[in-house]
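Report on one structure; see the data block that follows.
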Amino acid sequence: MIDLGPAAAAVAGARRVLLTCHLGPDGDSIGSLSALAALLRENAREAVVYNPDPAPRNLKWLPHVDTLVHKLPPGAFDATIVVDCGDAKLLGKTFPERSVTGPLIVLDHHASSRPFGDIYACDPGAASVGVLVARLARALGWAISPQAAPGLYVSLVSDTGSFRYANTNAEAFALAGHLVADLGVSPWEVAQALGEEVPLARWRLLAQALAGITLELDGRVAVMIITDEMVRGCGARWEHTEGLVNYARAIEGVECGVLLTPARDGGIRASLRSKRRIDAGAICAPFGGGGHPGAAGCLLEGPIEDARARILGALAAALA
């Protein structure tokens with residue numbers, strides 16, 4: 001395990017702390033921010049939870065997520081904790097200057113990453129960033145509270161695929177067991193909030209996306225494309241595309257599922273989900289992206305057919 005002593009010392013000495021993550025926050029990042037906000041506020045710290053983008057609707061029930069702001073309040077911070085971010089550019093162009101943030105403490109677990117910040121704590125062996133938050137609490141001597149527990153559990157189930165993915169390990173199960181047995185987390189209530197109350201628009205969008213899947217490279221790669229027109233036509237939102245690429249990966253004989261979507265600031269976003277033979281993070285790294293062996297992403301210049309060709313070329317080389 002990595003040494004979280006420097007991060008714990010920096011947090012212990014801070015009184016006003018900024019908490020943030022990559023743009024387009026997901027279950028791991030929002031869950032970790034929820035838990036950190038609870039821990040800091042329960043231990044006499046001021047915590048400001050910030051991101052230019054909103055939390056997904058199915059995560060807004062988590063403790064302290066309702067305090068997330070999209071514009072920073074005035075004043076400087078004693079420290080900033082960045083979670084689930086393997087590259088500073090993923091924080092966006094409006095990320096504040098050092099004079100505002102104070103020292104940057106980065107908690108990450110991406111194998112393919114570009115280290116940044118003053119204290120960079122990255123453990124690819126951690127099932128989720130929530131695991132690192134739990135370790136940090138232990139290093140600080142802070143007990144995990146019932147308010148912090150749901151965020152940690154959501155972080156775990158989000159990044160382990162409900163304890164099905166290859167990154168699931170004994171530490172993840174032990175932490176989940178503690179959250180459920182000792183702190184009152186209900187696995188069914190979390191599952192219901194995350195995926196058992198799904199708008200019909202998501203299923204309509206999934207139906208269109210599945211209908212357009214193509215199999216490439218002798219059936220070993222499945223490519224799914226979702227456009228703005230598809231999202232609008234289904235009455236859906238972009239957050240409803242979360243996790244749809246997993247359906248491409250699940251096809252028999254497919255080693256890697258690819259989802260291509262238009263990026264907010266131009267270009268094409270590629271999301272990869274792989275099985276065993278392909279390291280998705282290594283595929284995305286040359287394109288300026290990264291992630292885990294089983295899940296990664298990158299931003300490519302458009303048009304979409306050019307982006308598709310570049311990703312397929314990289315995948316062909318990896319499968320050769």
Side-chain angles (χ1 to χ4, degrees), residues 19-39 49-68 81-86 90-91 107-110 123-124 126-134 144 147-169 171-173 175-176 179-180 183 185-199 202 206 237-247 249 257 259 261 269 271-273 280 290-292 294-297:
L19 304 176
T20 192
C21 65
H22 57 78
L23 296 175
D26 55 15
D28 189 14
S29 52
I30 288 293
S32 297
L33 291 177
S34 168
L36 277 170
L39 290 165
V49 185
Y50 163 77
N51 197 282
D53 292 334
R57 291 196 179 193
N58 67 342
L59 296 173
K60 289 184 177 180
W61 59 273
L62 282 169
H64 301 281
V65 171
D66 61 342
T67 67
L68 186 148
I81 304 176
V82 177
V83 301
D84 197 34
C85 186
L90 299 178
L91 296 171
L107 302 180
D108 191 35
H109 72 141
H110 293 97
D123 184 359
S128 71
V129 174
V131 169
L132 298 182
V133 173
I144 297 174
Q147 280 280 298
L152 295 180
Y153 191 84
V154 165
S155 166
L156 282 170
V157 298
S158 296
D159 259 29
T160 64
S162 295
F163 307 102
R164 295 180 293 115
Y165 296 164
N167 63 331
T168 307
N169 55 27
E171 183 183 21
F173 279 121
L175 177 57
L179 300 174
V180 172
L183 294 169
V185 172
S186 167
W188 165 245
E189 290 180 4
V190 172
Q192 188 176 32
L194 295 184
E196 295 292 337
E197 295 289 340
V198 179
R202 173 180 164 91
L206 173 61
R237 297 184 296 273
W238 275 106
E239 67 184 66
H240 294 149
T241 64
E242 180 71 26
L244 297 191
V245 66
N246 294 330
Y247 290 90
R249 175 180 58 186
L259 171 62
T261 59
R269 181 163 298 282
S271 298
L272 276 63
R273 298 294 184 272
H292 309 289

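Keep in mind it's a predicted model, so treat the numbers as computed, not measured.
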Task: For F173, all residues meeting ring-ring contact (aromatic ring centres under 6.0 Å, His included), sequence neighbours excluded - done: F163
Task: Partner residues of T67 under the side-chain hydrogen bond (donor to acceptor under 3.5 Å, both in side chains) criterion, sequence neighbours left out - done: R41
TODO: Applying side chain to side chain contact (heavy atoms under 4.5 Å, CB included), name anything that partners P199, two or more places apart in sequence or on another chain.
DONE: H240
- [ ] Would you please name every residue forming a salt bridge (Lys or Arg N to Asp or Glu O under 4.0 Å) with D26, sequence neighbours left out?
- [x] none
TODO: Not counting sequence neighbours, which residues clear ring-ring contact (aromatic ring centres under 6.0 Å, His included) with H109? List them please.
DONE: H292
Open item on the list: Pair T160, N167 - check side chain to side chain contact (heavy atoms under 4.5 Å, CB included), show working.
Closed with: CA-CA 6 Å; T160 64; N167 63 331; 4.1 Å; yes
Open item on the list: Nearest 0.5 angstrom please: L90 CG to C85 SG, how far?
Closed with: 4.5 Å
Task: Results of side chain to side chain contact (heavy atoms under 4.5 Å, CB included) for Q192 - residues two or more places apart only - done: W188, E196, E197
Task: Pairing residues for R202 by the side-chain hydrogen bond (donor to acceptor under 3.5 Å, both in side chains) criterion, not counting sequence neighbours - done: none
TODO: Using the test salt bridge (Lys or Arg N to Asp or Glu O under 4.0 Å), find all partners of D53 that sit at least two apart in sequence or belong to another chain.
DONE: R264
TODO: List in chain and number order the residues that pass salt bridge (Lys or Arg N to Asp or Glu O under 4.0 Å) with R237, two or more places apart in sequence or in another chain; answer none if no residue qualifies.
DONE: E239
Open item on the list: Run the side chain to side chain contact (heavy atoms under 4.5 Å, CB included) test against A193 and tell me which residues pass, sequence neighbours left out.
Closed with: W61
- [ ] Search all heavy atoms of A148 against all heavy atoms of I144 and return the closest pair with its distance.
- [x] CB-CG2, 4.2 Å
Open item on the list: If I compare all heavy atoms of V133 with all of A35, which pair ends up nearest, and what's the gap?
Closed with: CG1-CB, 4.2 Å
- [ ] Answer yes or no: is there a donor N or O on one side and an acceptor on the other, between the side chain of S32 and the main chain of G130, under 3.5 Å?
- [x] yes
Task: Pairing residues for S34 by the side-chain hydrogen bond (donor to acceptor under 3.5 Å, both in side chains) criterion, not counting sequence neighbours - done: none
Task: Separation between OG of S155 and CG of L33, rounded to the nearest 0.5 Å - done: 10.0 Å
Task: Point-to-point distance, once rounded to the nearest 0.5 Å, from CG of D28 to NE2 of H110 - done: 7.5 Å
TODO: Could you pull out the closest heavy-atom pair between V49 and A37, with the gap in Å?
DONE: CG2-CB, 3.9 Å
- [ ] Nearest 0.5 Å please: distance from the OG atom of S29 over to the CG atom of D159.
- [x] 8.5 Å
Task: For V245 against S271, the heavy-atom pair lying closest together - done: CG2-O, 3.6 Å
TODO: Give the minimum heavy-atom separation between A55 and V65, together with the two atoms involved.
DONE: CB-CG1, 3.8 Å
- [ ] Enter the distance from L194:CG to Y153:OH here, rounded to the nearest 0.5 Å.
- [x] 9.5 Å
TODO: Could you tell me which non-hydrogen atom of A280 sits nearest to which non-hydrogen atom of L272, and how far apart they are?
DONE: CB-CB, 4.0 Å
Open item on the list: Testing L68, V83, N51, N58 one by one against I30 for a side-chain contact (heavy atoms from CB on, under 4.5 Å), which residue passes?
Closed with: L68
Open item on the list: Can you tell me how far apart CZ (R249) and CG (L244) are? Round to the nearest 0.5 Å.
Closed with: 12.5 Å
TODO: State which residues pass side chain to side chain contact (heavy atoms under 4.5 Å, CB included) with D123; sequence neighbours excluded, sorted by chain then number.
DONE: I2, A126, L132, R135
